[in-house]
Every structure is written in structure tokens, then in C-alpha cells.
Amino acid sequence: QVQLVESGGGSVQAGGSQRLSCSTAKYIYNRGCMGWFRQAPGKEREAVAAIDTDGEGANYVDSVKGRFTISQDKAKNTVYLQMNSLKPEDSGVYYCAAGGTIYSRGCGLMRSDFIHWGQGTQVTVSS
């Protein structure tokens with residue numbers, strides 16, 4: 001069974017920062033892109049960012065550009081999501097995803113682009 005182990009969620013005030021981590025097995029880590037998605041109550045799961053684990057290319061949704069950074073530690077098979085200048089609308093369950101499709105433009109940001117999913121970690125941003 002594929003395991004993606006997420007950590008780093010919690011509560012923070014608006015304007016604050018948090019860092020999420022996601023670790024997995026090497027054979028999963030090397031299987032294309034890894035990414036982060038989020039889902040707020042009553043809303044669809046949406047992409048946040050994705051990174052090409054074979055290189056360094058990353059894609060972001062417009063709402064987080066300039067505030068969030070996805071990075072990786074290849075030696076640890078781990079990806080990170082550094083979230084700065086957090087807003088209440090960033091609240092939700094954040095899911096790590098693996099096995100993402102790589103296109104000519106970089107990693108896909110559709111839910112259907114990814115194969116494996118973590119259990120999710122809650123991020124709550126209060127105003």
C-alpha cells in the first residue's frame with residue numbers, strides 16, 4: 001500500500017507562516033511529479049502546487065503565487081510546502097499527492113493528474 005506521510009498542519013493567524021512536509025518511498029517519489037492540493041468544507045479539492053521530482057520545475061495556482069513555495073529534499077524523498085502570508089481562505093485540508101503527470105509545460109495541476117494521495121492535514125488560518 002502506497003503511503004504518503006504528511007505533517008505540519010495546525011492553526012495559525014492570518015499573515016503567519018506554516019510548512020507542510022510529505023514523505024514517501026523512493027519508488028513513489030521518483031514516479032513523476034509530487035504536489036499539494038487543498039479542500040475547504042463544501043468545496044472541491046483544488047491544486048496548490050506541484051514539483052517535478054526529477055528536476056526542479058514547479059507550478060502554482062495563481063492564488064498562492066508569491067506566497068507559497070514547494071521544494072524537495074531528494075535524499076529524504078520529501079517535498080515541502082512553505083506557506084507565507086497566510087489568509088483565512090487558505091484554510092482547509094491539505095493533501096499530498098504523488099505520481100503526477102509531467103507535461104511540456106511542467107507538472108499538471110489537475111486532480112486527475114495524480115495517482116497516489118495522502119490522508120490530509122488540516123490547516124486553519126484565523127483572521
Side-chain angles (χ1 to χ4, degrees):
Q1 184 175 351
V2 173
Q3 277 195 318
L4 300 176
V5 181
E6 300 141 326
S7 62
S11 298
V12 64
Q13 288 193 327
S17 298
Q18 275 196 338
R19 190 176 81 154
L20 305 181
S21 301
C22 175
S23 299
T24 189
K26 188 174 184 64
Y27 78 99
I28 293 296
Y29 189 83
N30 289 335
R31 194 177 289 178
C33 300
M34 288 192 68
W36 289 96
F37 286 67
R38 65 187 180 189
Q39 188 167 16
K43 294 189 176 182
E44 294 289 320
R45 191 175 300 186
E46 62 172 359
V48 175
I51 189 167
D52 175 4
T53 58
D54 193 39
E56 295 295 338
N59 286 342
Y60 300 86
V61 293
D62 288 344
S63 60
V64 306
K65 285 181 179 177
R67 300 189 299 123
F68 290 12
T69 302
I70 188 170
S71 62
Q72 61 179 329
D73 185 334
K74 295 180 181 181
K76 295 181 179 179
N77 306 324
T78 299
V79 293
Y80 305 95
L81 185 68
Q82 178 66 43
M83 305 183 290
N84 298 328
S85 301
L86 282 161
K87 305 174 182 179
E89 51 263 43
D90 294 317
S91 297
V93 178
Y94 280 68
Y95 296 91
C96 179
T101 303
I102 301 174
Y103 299 95
S104 57
R105 65 181 185 276
C107 293
L109 290 176
M110 300 292 291
R111 186 172 177 177
S112 57
D113 285 323
F114 290 82
I115 300 172
H116 308 294
W117 295 88
Q119 294 299 308
T121 183
Q122 178 70 45
V123 173
T124 302
V125 184
S126 58
S127 58

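If you read the sequence from its start, that first residue is 1, and numbering goes on from there.
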Polar side-chain atom of Q72 near backbone of G55 as donor-acceptor pair, under 3.5 Å: yes

What's the spacing between I115 CD1 and R31 CZ if we round to 0.5 Å? 6.5 Å

Test item: T53 side-chain N/O and C33 main-chain N/O as donor-acceptor pair under 3.5 Å: no

Is it possible for you to say whether L81 and Y95 belong to one hydrophobic cluster, with membership spreading through side-chain heavy-atom contacts below 4.5 Å? no

N/O donor to acceptor pairs below 3.5 angstrom from side-chain atoms of residues 14-22, sequence neighbours left out:
residue : atom : partner : partner atom : Å
S17     : OG   : N84     : OD1          : 2.9
Q18     : NE2  : G10     : O            : 3.3

So does K65 pair up with D62, basic N to acidic O under 4.0 Å? yes

Checking the side chain of S127 only, and the main-chain atoms of P88 only, is there a donor and an acceptor separated by less than 3.5 Å? no

What closest approach, in Å, do I70 and M34 show between heavy atoms, and which atom pair accounts for it? CD1-O, 3.9 Å

Does S91 reach the main-chain N or O of V125 with its side chain, forming a donor-acceptor pair under 3.5 Å? yes

CD/Q13: more than 12 non-hydrogen atoms of other groups inside 6.0 Å: no

Could you point out which residue of I51, T24, D73 forms a side-chain contact (heavy atoms from CB on, under 4.5 Å) with V79? I51

Are V61 and W117 joined in one hydrophobic group, where the rule is that I, L, V, M, F, W and Y side chains link up if heavy atoms are under 4.5 Å apart? no

Is V64 reachable from V12 through a run of hydrophobic residues whose side-chain heavy atoms are each under 4.5 Å from the next? yes

Is the NZ atom of K74 crowded by more than 12 outside heavy atoms at less than 6.0 Å? yes

Heavy atoms of A58 and Y60 approach each other most closely as CB-CE1, 4.0 Å

Is there a donor-acceptor contact under 3.5 Å from the side chain of E6 to the main chain of Q119? yes

To the closest 0.5 Å, what do you measure between CE (M110) and OG1 (T101)? 11.0 Å

Output, in order, the C-alpha distance, side-chain angles, deciding distance and verdict of side-chain contact (heavy atoms from CB on, under 4.5 Å) for M83 and D90. CA-CA 9 Å; M83 305 183 290; D90 294 317; over 6 Å; no

Output the distance between atom SG (C96) and atom NE2 (H116), rounded to the nearest 0.5 Å. 11.0 Å

Verify the cluster assignment for L4 and V93: are they in a single hydrophobic cluster under the rule of side-chain heavy atoms below 4.5 Å apart? no

Aromatic ring pairing F114/F37, orientation class (parallel under 30°, perpendicular over 60°, tilted between): perpendicular

With the 4.5 Å side-chain cut-off for hydrophobic clustering, are Y80 and Y29 part of the same group? no

Donor-acceptor contacts under 3.5 Å from residues 41-50 side chains, at least two apart:
residue : atom : partner : partner atom : Å
R45     : NE   : Q39     : OE1          : 3.4
E46     : OE2  : R38     : NE           : 2.7
E46     : OE2  : R38     : NH2          : 3.3

Would you find a donor on one side and an acceptor on the other, under 3.5 Å apart, between the side chain of D52 and the backbone of G57? no

Pairing residues for T78 by the side-chain hydrogen bond (donor to acceptor under 3.5 Å, both in side chains) criterion, not counting sequence neighbours: S23

